[in-house]
There are 2 protein chains.
Amino acid sequence: MATGRTHRPATRSRGIPEATVARLPLYLRALTALSERSVPTVSSEELAAAAGVNSAKLRKDFSYLGSYGTRGVGYDVEYLVYQISRELGLTQDWPVVIVGIGNLGAALANYGGFASRGFRVAALIDADPAMAGKPVAGIPVQHSDDLEKIIQGNGVSIGVIATPAGAAQAVCDRLVAAGVTSILNFAPTVLSVPDGVDVRKVDLSIELQILAFHEQRKAGEEAAASDGGVPAAATRGESADQGPDGDMPAVMPA
Amino acid sequence: MATGRTHRPATRSRGIPEATVARLPLYLRALTALSERSVPTVSSEELAAAAGVNSAKLRKDFSYLGSYGTRGVGYDVEYLVYQISRELGLTQDWPVVIVGIGNLGAALANYGGFASRGFRVAALIDADPAMAGKPVAGIPVQHSDDLEKIIQGNGVSIGVIATPAGAAQAVCDRLVAAGVTSILNFAPTVLSVPDGVDVRKVDLSIELQILAFHEQRKAGEEAAASDGGVPAAATRGESADQGPDGDMPAVMPA
DNA sequence: ATGTCTTTGTGAACGCGTGCACAAAGATGG
DNA sequence: CCATCTTTGTGCACGCGTTCACAAAGACAT
C-alpha cells in the first residue's frame, strides 16, 4: 500500500448491479496477474485495458464496492484483490460436486483452476455403475445413488451438471432437494428450479450459433458490397441434415 | 404447414437486436424438440414456456424476423425451424477447427452435437508434437505448424481456442491472420483482435465466481434474518491461499 | 504553503432490452 | 355472412447499463 487509505470498510454489499458482479471476476484475474508481477498500484485506465473494458465502467463498478482508489495515483493492487475476493465470496472455500463424468465432466474435474479460487471439487458423481470407484483427476467417482448423502455430508451448495440433457432436470431436482442452491448447467436444457436457486448455463452450441449468425452477416455484407447479393464466403454448404437430437452429455446442445 | 401463409420472405436480416440473436438458438432447440414429436403448430405461450422466456419477448423476437405466425393459431413449427435456421446461418455447414487438444479440447471434439447443427469439426490442432497423428474422436490431431495451411485449405472461418491461457493470444493472432473471423475462446484471457473479428468467451471460473457471489449473499441474508449479522451457511472456510495462476488449458481461468 | 498535475468518483444523458396491455387479424362455428 | 374467440404483432413506458464529461481529491514539486 503506497499511500494513505481513507477507504471506508463499505459493507454495502447490497445493490451491486448484476452486470458489475459479472465483471468482478475479470478484474480480479487482471489484478492477480499484476499482483504476481508485484505491481503495487494500477490506474483505472491500465486495469480497464487489461480487462478489456471501458475505464469509466470500471470506475463505476468499483464505486459500488466502495471508495478503494486514491486520486492521482490509482488503486492499490493487493488491497483491491482482497476486496473483490471478499465481495465475491472467495475468501471462503466452496465445495463443489460435478455430476456426470463424461468427457466434459472429466475435463472439468481435471481442471486445476478449480482449487485456485476458493472452489474445491468435493465429489464426482455419475449414474454409470461401471464408473463407480474409478478415479478421475485423483478423485474416485461415486454413484448417483449416494448423491444426497454426498451433498449433505460435505455441505455442498454449488453443483455442476454435466450430464446428458435427458438426465439434467432429474439430477437438478435431486441436487436442489438435497440442499444445493446454485447450479452451473452444461446440459442443453432449460432447467426449472424453485425460487432462491440460481442457475447459470454454459452452452457451446448457442455460442457457436451466435458466431455463425454474425459470420453469415459478414459474408452477406461483403458479397453485397463487392458484387451481387448472394452470400459467397466460407461456403461448403451441404445443409447438414442431422439426425434426432443426440441428447449429448457434454457442452453442446442443439 | 397447417394454414395459409401470408408471411413475407423478410430479407430484413439487418437490425436484429443482439439479445434476440442470443435467444434464437434457444427457440430453435425447443422447436426442434416439437418437430421431432411431430407437433404441427405452437403458440407463443407454449413455446415461451419451453424456452424459459416471457411470451411477449418471444413474440417481439420473432417480429424482428418477419411475420411468421398466424393469429388465432400460433406458429408453424417446421416453417419456423427453417426460418430461424436460415437466419442463424445454419443452412450452410461451417467448418470449425479446435486448437488445443487437452482435456477440454478432446471433450469438445467428442461432442457429437457439433455435427448436428451445421457445424463440422474440420481439424484438431495441438502444439504438442507427441499428439500429432493421434486420433481424437476419430480425427487425427495435426501439429500447429500447419495451422495456416489447414485453415486456408478448408475455408475455415470459425476457430475454437482451448489452449492454456498463455498460448491463447498467439494462437488467436495466427488464426486471424489465416482468415478466421469468429473465435470461441475457452482460455482465461482477454483476446485482442482487429475490427471485424468476433470473439465469444466461455469461462467456467467466472460463472462459478458469480454463483459464489449470490451464494454468499443468500447465506448472509439468511444469517441476518435469523440471528446476528455474520454469514454462517455453507462454511468450510479455509480461505484458500492458492498458488500462482496455473495457466490451465481448459475451461476455467482464475 | 501553494500550485500544478494526475486520476478518481459520479451526475446526467442516452440507448437498449423488457414487459404490459391492447388493437388488429384471422380462425372457427352457426 | 356474421359473431365470437384465440393469438399475434406492437406501441409505449419503464428500468438497467453504458458512456461522457467534469468537479473534487489527493500526490508531488517547488
Side-chain angles (χ1 to χ4, degrees), chain A residues 1-10 12 14-24 26-27 31 34 39-77 79-80 83-84 210, chain B residues 1-10 12 14-24 26-27 31 34 39-77 79-80 83-84 210:
Chain A
M1 339 197 134
T3 50
R5 168 121 334 98
T6 326
H7 315 312
R8 46 190 155 124
R12 58 150 148 152
R14 227 56 38 102
I16 298 181
E18 195 54 36
T20 295
V21 172
R23 279 188 295 268
L24 289 181
L26 222 56
Y27 302 146
L31 285 164
L34 291 172
V39 176
T41 62
V42 65
S43 72
S44 64
E45 206 72 49
E46 292 164 331
L47 186 54
V53 303
N54 182 299
S55 71
K57 191 188 297 188
L58 179 143
R59 286 197 301 277
K60 181 147 289 194
D61 283 342
F62 286 173
S63 78
Y64 293 116
L65 309 183
S67 278
Y68 293 148
T70 306
R71 293 169 195 238
V73 175
Y75 298 90
D76 181 274
V77 172
Y79 188 65
L80 206 45
Q83 289 299 342
I84 295 180
I210 295 171
Chain B
M1 319 197 153
T3 52
R5 169 121 334 98
T6 326
H7 316 313
R8 44 190 158 124
R12 54 151 149 152
R14 227 56 39 105
I16 298 181
E18 195 54 35
T20 295
V21 172
R23 280 188 295 268
L24 290 181
L26 221 54
Y27 302 146
L31 285 164
L34 292 172
V39 177
T41 61
V42 66
S43 72
S44 63
E45 205 73 47
E46 292 166 330
L47 187 54
V53 303
N54 183 298
S55 70
K57 192 188 298 188
L58 178 142
R59 286 197 300 275
K60 182 151 290 189
D61 284 342
F62 285 174
S63 79
Y64 293 117
L65 308 183
S67 278
Y68 292 149
T70 306
R71 295 171 193 234
V73 175
Y75 298 91
D76 181 274
V77 171
Y79 188 64
L80 206 44
Q83 288 300 341
I84 296 180
I210 295 171

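Naming convention: chains lettered A, B, ... in sequence-line order (proteins, then strands); numbering from 1 in each chain.
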Contact string for nucleotides 17-24 of chain D, one letter per nucleotide 5' to 3', B = base within protein heavy-atom range under 4.0 Å, S = sugar-phosphate only, - = neither, reads SSBBB--B

Note: D76(B) and T41(B) closest approach over all heavy atoms is CA-CG2, 4.2 Å

Rounded to whole Å, CG of L65(A) lies from P of dG9(C) at a distance of 10 Å

In whole angstroms, the gap separating C1' of dT7(C) from OH of Y68(A) amounts to 19 Å

From CG of L80(B) across to P of dT8(D) the rounded distance in Å is 11 Å

One should read off an interatomic distance between R23(A) CZ and K60(A) NZ, to the nearest 0.5 angstrom, of 11.0 Å

Sorted by number, residues from residues 43-52 of chain B placing a heavy atom under 4.0 Å from DNA chain D are S43(B), S44(B)

Are the side chains of L65(B) and T20(B) in contact, using a 4.5 Å heavy-atom criterion? no

Base, sugar-phosphate, or nothing: which does Y75(B) touch, judged by heavy atoms less than 4.0 Å apart?
sugar-phosphate

Residues passing the side chain to side chain contact (heavy atoms under 4.5 Å, CB included) test with A50(A), sequence neighbours excluded, are A30(A)

The single option from Y68(B), Y79(B), Y75(B) that satisfies ring-ring contact (aromatic ring centres under 6.0 Å, His included) with F62(B) is Y75(B)

Check your understanding: Side-chain contact, heavy-atom cut-off 4.5 Å: I210(A) with E18(B)?
Key -> yes

Does the side chain of V53(B) come within less than 4.5 Å of D61(B)'s, by heavy atoms?
no

Are the side chains of Y27(A) and L80(A) in contact, using a 4.5 Å heavy-atom criterion?
no

